[in-house]
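Labels below follow one simple rule: chain letters A, B, ... track the order of the sequence lines, proteins then strands, and each chain is numbered from 1. What you see is a predicted model; the values in this text were computed from it and never measured.
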Number of protein chains: 12
Amino acid sequence: MNVLVIHGPNLNLLGSRELSVYGPATLEDVDRVLRAEAQSLGIDLEIHQTAREGEIIELLHAGADRVAGALVNPAAYSHTSRAIADAFRAVPYPVVEVHLSNIHAREEWRRTSVTAEAARGIVAGFGPGSYVAALRALVKVGEDT
Amino acid sequence: MNVLVIHGPNLNLLGSRELSVYGPATLEDVDRVLRAEAQSLGIDLEIHQTAREGEIIELLHAGADRVAGALVNPAAYSHTSRAIADAFRAVPYPVVEVHLSNIHAREEWRRTSVTAEAARGIVAGFGPGSYVAALRALVKVGEDT
Amino acid sequence: MNVLVIHGPNLNLLGSRELSVYGPATLEDVDRVLRAEAQSLGIDLEIHQTAREGEIIELLHAGADRVAGALVNPAAYSHTSRAIADAFRAVPYPVVEVHLSNIHAREEWRRTSVTAEAARGIVAGFGPGSYVAALRALVKVGEDT
Amino acid sequence: MNVLVIHGPNLNLLGSRELSVYGPATLEDVDRVLRAEAQSLGIDLEIHQTAREGEIIELLHAGADRVAGALVNPAAYSHTSRAIADAFRAVPYPVVEVHLSNIHAREEWRRTSVTAEAARGIVAGFGPGSYVAALRALVKVGEDT
Amino acid sequence: MNVLVIHGPNLNLLGSRELSVYGPATLEDVDRVLRAEAQSLGIDLEIHQTAREGEIIELLHAGADRVAGALVNPAAYSHTSRAIADAFRAVPYPVVEVHLSNIHAREEWRRTSVTAEAARGIVAGFGPGSYVAALRALVKVGEDT
Amino acid sequence: MNVLVIHGPNLNLLGSRELSVYGPATLEDVDRVLRAEAQSLGIDLEIHQTAREGEIIELLHAGADRVAGALVNPAAYSHTSRAIADAFRAVPYPVVEVHLSNIHAREEWRRTSVTAEAARGIVAGFGPGSYVAALRALVKVGEDT
Amino acid sequence: MNVLVIHGPNLNLLGSRELSVYGPATLEDVDRVLRAEAQSLGIDLEIHQTAREGEIIELLHAGADRVAGALVNPAAYSHTSRAIADAFRAVPYPVVEVHLSNIHAREEWRRTSVTAEAARGIVAGFGPGSYVAALRALVKVGEDT
Amino acid sequence: MNVLVIHGPNLNLLGSRELSVYGPATLEDVDRVLRAEAQSLGIDLEIHQTAREGEIIELLHAGADRVAGALVNPAAYSHTSRAIADAFRAVPYPVVEVHLSNIHAREEWRRTSVTAEAARGIVAGFGPGSYVAALRALVKVGEDT
Amino acid sequence: MNVLVIHGPNLNLLGSRELSVYGPATLEDVDRVLRAEAQSLGIDLEIHQTAREGEIIELLHAGADRVAGALVNPAAYSHTSRAIADAFRAVPYPVVEVHLSNIHAREEWRRTSVTAEAARGIVAGFGPGSYVAALRALVKVGEDT
Amino acid sequence: MNVLVIHGPNLNLLGSRELSVYGPATLEDVDRVLRAEAQSLGIDLEIHQTAREGEIIELLHAGADRVAGALVNPAAYSHTSRAIADAFRAVPYPVVEVHLSNIHAREEWRRTSVTAEAARGIVAGFGPGSYVAALRALVKVGEDT
Amino acid sequence: MNVLVIHGPNLNLLGSRELSVYGPATLEDVDRVLRAEAQSLGIDLEIHQTAREGEIIELLHAGADRVAGALVNPAAYSHTSRAIADAFRAVPYPVVEVHLSNIHAREEWRRTSVTAEAARGIVAGFGPGSYVAALRALVKVGEDT
Amino acid sequence: MNVLVIHGPNLNLLGSRELSVYGPATLEDVDRVLRAEAQSLGIDLEIHQTAREGEIIELLHAGADRVAGALVNPAAYSHTSRAIADAFRAVPYPVVEVHLSNIHAREEWRRTSVTAEAARGIVAGFGPGSYVAALRALVKVGEDT
């Protein structure tokens with residue numbers, strides 16, 4: 001089982017940026033925790049990070065034939081990108097939206113996610129644990145279908 | 001480790017209500033899946049279901065001295081109850097908000113959760129799997145703290 | 001044929017409260033008029049009054065197996081209670097929303113009913129006559145189905 | 001006792017239009033059911049159908065001297081016509097607003113009725129039964145006054 | 001193949017009114033261009049102009065049995081008439097909404113068309129060319145169905 | 001000098017309708033006062049009353065060749081009719097909007113006039129005196145041009 | 001009969017400011033025209049110009065014992081000053097709000113007057129003619145009372 | 001003179017909850033200060049705390065025959081409960097709304113109180129001093145009536 | 001202990017203005033009641049009334065070195081004056097906002113106070129009693145600090 | 001005559017994505033139909049598809065010297081991209097906005113196009129026929145200029 | 001070259017007020033830095049500080065004949081004063097709006113400046129450096145014109 | 001001292017695009033003026049222009065180790081890009097937002113900058129002079145820190 005993981009804009013700066021919000025873990029730390037979980041579940045991960053909205057869409061399209069699901073943290077694009085949301089709708093596999101922080105507990109504009117409208121589900125607020133829980137949830141969805 | 005679980009209004013009718021949205025699982029099915037996960041993690045669950053906003057608040061208060069965290073599905077109260085949100089703020093343990101369906105993909109009014117503002121995090125959209133993933137996330141939060 | 005009747009918060013003070021809006025009839029007067037109509041139609045009524053949102057939900061659930069329909073005047077909860085609306089959606093019988101006054105002709109906030117979204121229909125503005133007309137309409141709906 | 005009945009725009013196509021919303025009854029069916037009820041109550045009905053906002057106003061004015069009340073289904077004009085609402089306010093008899101479908105359960109814009117602000121009351125959601133219940137309610141209002 | 005064409009309020013003054021917005025062509029010029037196109041496509045046109053909302057609805061109803069489609073320029077009614085929109089929904093043939101100017105590039109209120117919600121499609125911004133393109137599009141829709 | 005006067009919907013009921021708002025003067029009284037003023041100014045008046053939005057537009061168009069200006073009280077259409085506003089824009093003479101009551105001191109929706117956007121000016125709040133002052137103002141505008 | 005006239009902020013620059021909106025007349029020109037009309041009506045005018053909101057309120061209060069009415073052009077304060085509106089409400093004589101330009105035909109924020117809520121009536125759009133018509137209307141109101 | 005005191009949801013946790021907002025005083029401390037003030041004024045207090053919206057309404061009703069006024073801190077219900085507001089309207093004695101913190105200086109949603117609409121007055125921002133000042137104000141209101 | 005008291009615009013007309021809202025007491029009556037209370041508490045009052053927003057700000061600044069607190073009734077400026085609110089923030093002593101009427105029970109625009117955002121607390125709805133209760137609350141705040 | 005054609009994000013998945021909305025035609029089908037029409041009109045097409053907002057802007061700029069017009073389907077970017085709209089404004093040739101579906105008949109957010117503000121015109125709702133009609137309209141605009 | 005500098009309400013308290021927002025510099029410090037810059041540019045400054053909205057307008061008017069431009073920090077009036085904005089529009093010289101703090105990074109209401117609508121440009125966020133940069137920009141504008 | 005300069009979408013067309021808004025200067029002209037100023041201040045500039053949102057973010061990240069500050073003109077992205085704003089927040093150096101035109105004096109949507117929320121300050125309205133003044137301000141900020 002292959003799972004696509006996409007980290008959106010500014011997540012590459014994790015660990016050096018707004019530590020009080022995002023915590024000290026770097027993106028490498030997040031990936032390490034996630035890979036460990038994936039290995040224990042027998043899942044192969046394909047992980048990308050990009051600041052480009054269009055590239056997120058292309059990555060989603062490219063995965064259509066080879067992945068069973070995707071974990072996507074669209075970061076700031078969650079709140080504006082109708083195009084990424086349409087890509088979630090267009091691909092044949094379930095997409096889980098992931099956020100490190102609880103977006104509902106921050107600025108007003110972060111409380112609305114237009115991409116989440118088109119996701120299968122959402123996990124937010126648990127730091128790196130959000131990715132782990134999202135992977136579990138994605139597997140569970142696969143089992144139930 | 002004790003974890004409090006509160007199912008909000010109308011969840012007792014699960015499995016007989018709006019099947020296309022909530023699926024065929026009954027609340028007993030949800031609890032069974034959740035208890036199995038808890039057992040494997042060495043967690044004791046204290047599970048309640050109530051239609052009463054005030055009782056949800058009282059249950060949260062009552063847990064203050066004996067639980068390490070709570071999973072709460074406030075159901076429709078998520079969208080209106082500032083009082084439950086204040087209770088999330090008032091208790092000394094982390095509260096994870098859980099939803100069976102992806103609230104962001106439904107009616108406009110279901111897309112805003114006023115209780116999630118005060119939760120540690122949120123898991124939504126995975127049916128009974130939401131509770132399981134939320135329990136995992138809660139444990140992870142406990143380990144990180 | 002059994003019909004459930006639920007009077008919401010503050011309706012117990014009818015006849016002693018804001019007479020210019022609600023008129024001089026007491027809740028007992030309303031019930032008397034309604035029972036007379038029910039008797040002439042061969043209907044058994046089960047009448048409740050409560051100020052508690054959660055109790056309205058529980059009464060609706062409890063009626064699931066024994067009533068053919070319900071007349072509910074959610075009073076102020078009409079304008080705020082997504083939980084009662086979800087209960088209307090969850091029960092297997094038709095619910096008719098009833099208001100003594102014409103809610104569209106009063107304060108701005110009374111003009112929107114979130115519970116009416118989930119009702120079969122609505123009758124408002126005729127004082128005790130609202131309940132009588134609603135009972136007639138409920139019977140008619142039953143005949144047409 | 002004379003009662004004026006006005007069916008607004010597009011109601012003449014009833015039975016051939018959006019059957020899932022409005023049901024199979026034609027406007028003739030509605031009128032037949034209503035006339036039967038009126039006859040049993042000793043009421044003379046004067047029934048009109050028009051697509052013209054101005055004509056609805058003129059019909060309301062014309063009835064001032066000879067009718068004891070009116071049942072008006074302004075259809076789409078309910079949501080836009082301040083002029084019809086002013087006519088409701090200007091005539092000396094009570095006007096009951098009637099809708100076949102439950103306007104609160106449809107598109108957002110159908111949930112607000114500007115004409116209902118000026119009506120005596122409203123009955124909605126019971127198909128042809130809405131007119132019957134409205135007639136009953138109108139009679140009741142007449143008796144109470 | 002018959003096609004109904006309805007020009008809405010104030011379009012009769014075309015060529016003498018706000019030339020900087022609508023250009024110098026008169027309504028006769030528009031009709032001449034449109035008739036030429038129709039003739040080349042073997043289509044019979046039935047053209048009306050009216051300032052009356054109700055008459056637009058009646059014309060749409062009247063066409064139900066004899067036209068294959070309609071081109072309607074509701075002019076200012078596009079932005080307010082829920083009743084015309086309901087007529088678009090009620091007739092059995094496709095309606096194309098046409099505007100001479102690009103309504104999206106003018107005053108805020110002209111940017112929302114409530115009638116377009118119920119149309120098959122919309123063509124706007126090409127002066128008399130809007131009607132010609134709309135006729136082509138209508139024919140294309142007919143071929144595809 | 002000819003001046004067109006158009007009284008909109010429900011103004012024919014003046015003197016019998018909502019006296020506390022509109023006062024005891026009938027429409028005939030208004031016209032008498034206005035004709036006296038016109039006579040003293042050497043102006044010929046052409047006065048119409050209609051409940052029909054489309055007819056107001058047609059009357060405005062018809063006046064294009066023979067009137068030097070118009071006084072229009074669109075009544076409730078002031079707040080909704082973009083089509084009448086477009087007619088104000090389309091005719092070659094100045095239109096003064098007149099209201100008996102001070103629309104800014106009444107219900108929220110009466111405080112915005114969409115037709116006033118397209119008028120030369122507005123006079124409101126002086127009962128029949130509004131028409132007289134508007135006529136004076138119209139004459140003054142003519143002199144200044 | 002004494003009438004108070006208050007010109008609000010920036011009106012002292014009339015004739016040198018935004019000529020395309022306000023025209024070439026200076027404030028002295030406006031006063032001259034107005035004084036001539038007043039003289040012909042046997043009215044004594046007391047004219048003030050000030051940029052200070054508080055001073056407008058004080059002038060209104062000071063007039064309480066000696067004027068029969070006031071013409072006030074609050075200029076930009078019309079759109080923001082609840083305090084001037086409260087002064088209109090507090091004084092025992094009628095206040096007519098005057099504007100040189102048609103405020104309904106300009107920027108969005110100029111279309112709402114919070115002071116007009118508390119005025120007797122409003123005259124706008126006729127340049128200096130607005131003051132003249134307003135004086136006439138004020139006299140007419142005095143005669144009718 | 002009897003005065004009813006109702007503390008709303010989460011106030012029982014005072015002193016252990018969000019100290020930076022609410023201060024270190026417990027609810028017992030508040031009651032002690034308030035009882036001292038009451039004693040000095042010769043007033044008997046009846047004090048309740050509840051998390052249940054419906055129970056607040058029932059307590060208000062129950063006081064109808066025996067109290068001269070009430071001090072109510074609806075806490076979070078202030079911002080959502082139209083039902084408690086209707087109870088304020090329904091009881092025959094004056095209700096003073098009390099808040100420990102200045103609700104106008106906190107989150108946007110705390111700045112609007114729907115219950116205050118129906119209260120006699122409001123005191124907020126003085127910690128336990130709010131109750132004391134409110135009791136004084138209630139006594140003063142009683143003296144003035 | 002010195003306390004500054006500032007009465008805002010139009011309060012000088014108290015007792016002669018809108019008696020049904022503000023009652024028969026004059027500003028002198030209010031001051032007399034307040035001075036009596038102050039004397040019993042050993043407080044020296046410095047009382048001002050002004051219609052000028054800028055003067056309210058200057059009075060607040062001027063008090064910085066000699067007062068222990070202020071009672072300010074900004075009247076209509078409460079709803080618009082960000083500048084007075086900034087002055088509340090800028091001075092080193094606590095400011096209590098006072099209103100004679102319950103601003104939450106009046107027009108929509110009176111329900112939001114932008115100055116209250118920056119006050120220590122608010123007392124509203126008790127007529128002259130509001131000032132007395134506010135003085136008590138201010139003293140209490142002083143004691144607690 | 002050269003015409004630029006730009007298909008925006010997710011359009012490459014046409015024919016495999018949300019068939020009930022977009023129909024079974026693939027993007028190749030759309031291009032084939034469009035090329036046939038272009039050939040019959042003697043037009044050379046330059047066709048691009050991209051998911052990247054910035055690339056759409058660059059393509060528009062690049063065309064400045066060699067194309068007579070452009071057909072652009074910005075897809076989801078229509079509803080969010082002020083930058084593409086500015087590009088429409090910046091290039092010297094007319095841009096026609098094209099949509100396969102009727103954007104006015106779908107989700108609320110799809111009903112507003114910020115790019116259409118800056119386009120010459122819009123054609124929407126005719127599937128591949130939208131492109132054909134848009135090409136016709138573009139040619140017509142060229143002839144008229 | 002003369003330049004007018006106007007500091008608005010509460011700026012006189014700079015250095016003693018909300019230091020975390022505005023920094024430790026006093027208004028004298030700001031003026032000293034600004035005068036140094038002006039001297040190096042050969043500019044004469046005329047500096048005022050006032051809390052009075054009307055006085056800001058009068059100062060702007062008074063400068064009309066003798067200044068080449070103005071730097072205005074309207075402070076809180078930026079967000080409310082349409083009258084000052086009209087004064088910006090009315091004077092013949094360019095006005096640059098200056099803010100010490102970045103108004104876009106503070107409370108929601110501070111993010112909209114109604115006076116900036118009428119300014120030549122805006123400089124905000126650089127503390128005393130905002131005035132210096134604004135003076136430079138003003139000189140540059142003068143050179144380019 | 002190195003300073004990063006980023007010109008956003010469509011700025012490459014400066015001098016050929018909407019001259020009445022942006023003036024005749026080309027981007028090369030702007031850069032020349034800015035380089036001259038930088039040279040006089042001993043600053044090295046690194047200048048980029050791109051239409052790609054993602055590239056702006058990448059350029060900002062890339063500068064983290066080598067620049068002392070940045071001048072960014074996000075052009076249309078100012079009004080929509082939460083992702084660029086997050087990049088402003090994420091980098092360790094101050095970012096100054098620059099606009100050629102006064103964004104507050106243009107279309108409604110251009111008046112709100114979501115990127116300015118996260119900038120150190122903003123300079124707008126002075127054409128190429130905006131960049132020069134912004135550079136000065138950035139240097140000043142550096143000196144003060």
Side-chain angles (χ1 to χ4, degrees), chain A residues 23-25 29-30 33-34 36-37 40-41 69 71 74 78-79 85 88-89 94-108 110-145, chain B residues 23-25 29-30 33-34 36-37 40-41 69 71 74 78-79 85 88-89 94-108 110-145:
Chain A
D29 297 334
V30 171
V33 171
L34 184 57
E37 185 81 7
S40 79
L41 292 163
L71 307 186
S78 303
H79 315 296
F88 284 11
R89 287 183 189 96
V95 179
V96 176
E97 182 162 321
V98 184
H99 292 280
L100 292 162
S101 66
N102 178 0
I103 57 174
H104 300 285
R106 300 181 63 194
E107 301 98 316
E108 185 60 29
R110 277 196 222 267
R111 301 197 55 208
T112 304
S113 167
V114 302
T115 49
E117 282 182 45
R120 172 59 189 256
I122 182 169
V123 180
F126 309 105
S130 291
Y131 286 88
V132 173
L135 187 62
R136 284 267 166 182
L138 186 63
V139 171
K140 197 91 182 55
V141 164
E143 291 168 3
D144 294 355
T145 317
Chain B
D29 296 334
V30 171
V33 171
L34 184 57
E37 186 81 5
S40 79
L41 291 163
L71 307 185
S78 303
H79 315 296
F88 284 11
R89 287 182 189 96
V95 178
V96 177
E97 182 163 321
V98 185
H99 292 281
L100 293 162
S101 65
N102 178 359
I103 57 173
H104 300 284
R106 301 180 64 194
E107 301 98 316
E108 186 60 29
R110 276 196 223 267
R111 301 198 55 209
T112 305
S113 166
V114 302
T115 48
E117 282 183 44
R120 171 62 190 255
I122 182 170
V123 180
F126 309 105
S130 291
Y131 286 88
V132 172
L135 186 62
R136 284 265 167 185
L138 186 64
V139 170
K140 197 91 182 56
V141 164
E143 290 168 4
D144 294 356
T145 317

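- Counting heavy-atom pairs closer than 4.5 Å to chain A, the top-ranked of the candidates B:Ser101, B:Gly125, B:Ala124 is B:Ala124.
- In this structure, A:Arg111 contributes its side chain and B:Ser113 its backbone to a donor-acceptor pair below 3.5 Å.
- B:Leu100 CG to B:Phe126 CZ: the interatomic distance, rounded to the nearest 0.5 Å, is 11.5 Å.
- Side chain of A:Ser130 to main chain of A:His99: a donor-acceptor pair is present (N/O by atom type, distance under 3.5 Å, no hydrogens or angles).
- With a threshold of 4.5 angstrom between heavy atoms, A:Val96 approaches chain B through side-chain atoms but not through N, CA, C or O.
- Interface summary for chain A: among B:Leu135, B:Val132, B:Ile122, B:Leu138, the most heavy-atom pairs under 4.5 angstrom belong to B:Ile122.
- For a residue to count as touching a neighbouring chain, one of its non-hydrogen atoms must lie under 4.5 Å from one of that chain's; by this rule A:Val98 does not touch chain B.
- A:His79 contributes a side-chain N or O that, together with a main-chain N or O of A:Thr112, makes up a donor-acceptor pair within less than 3.5 Å.
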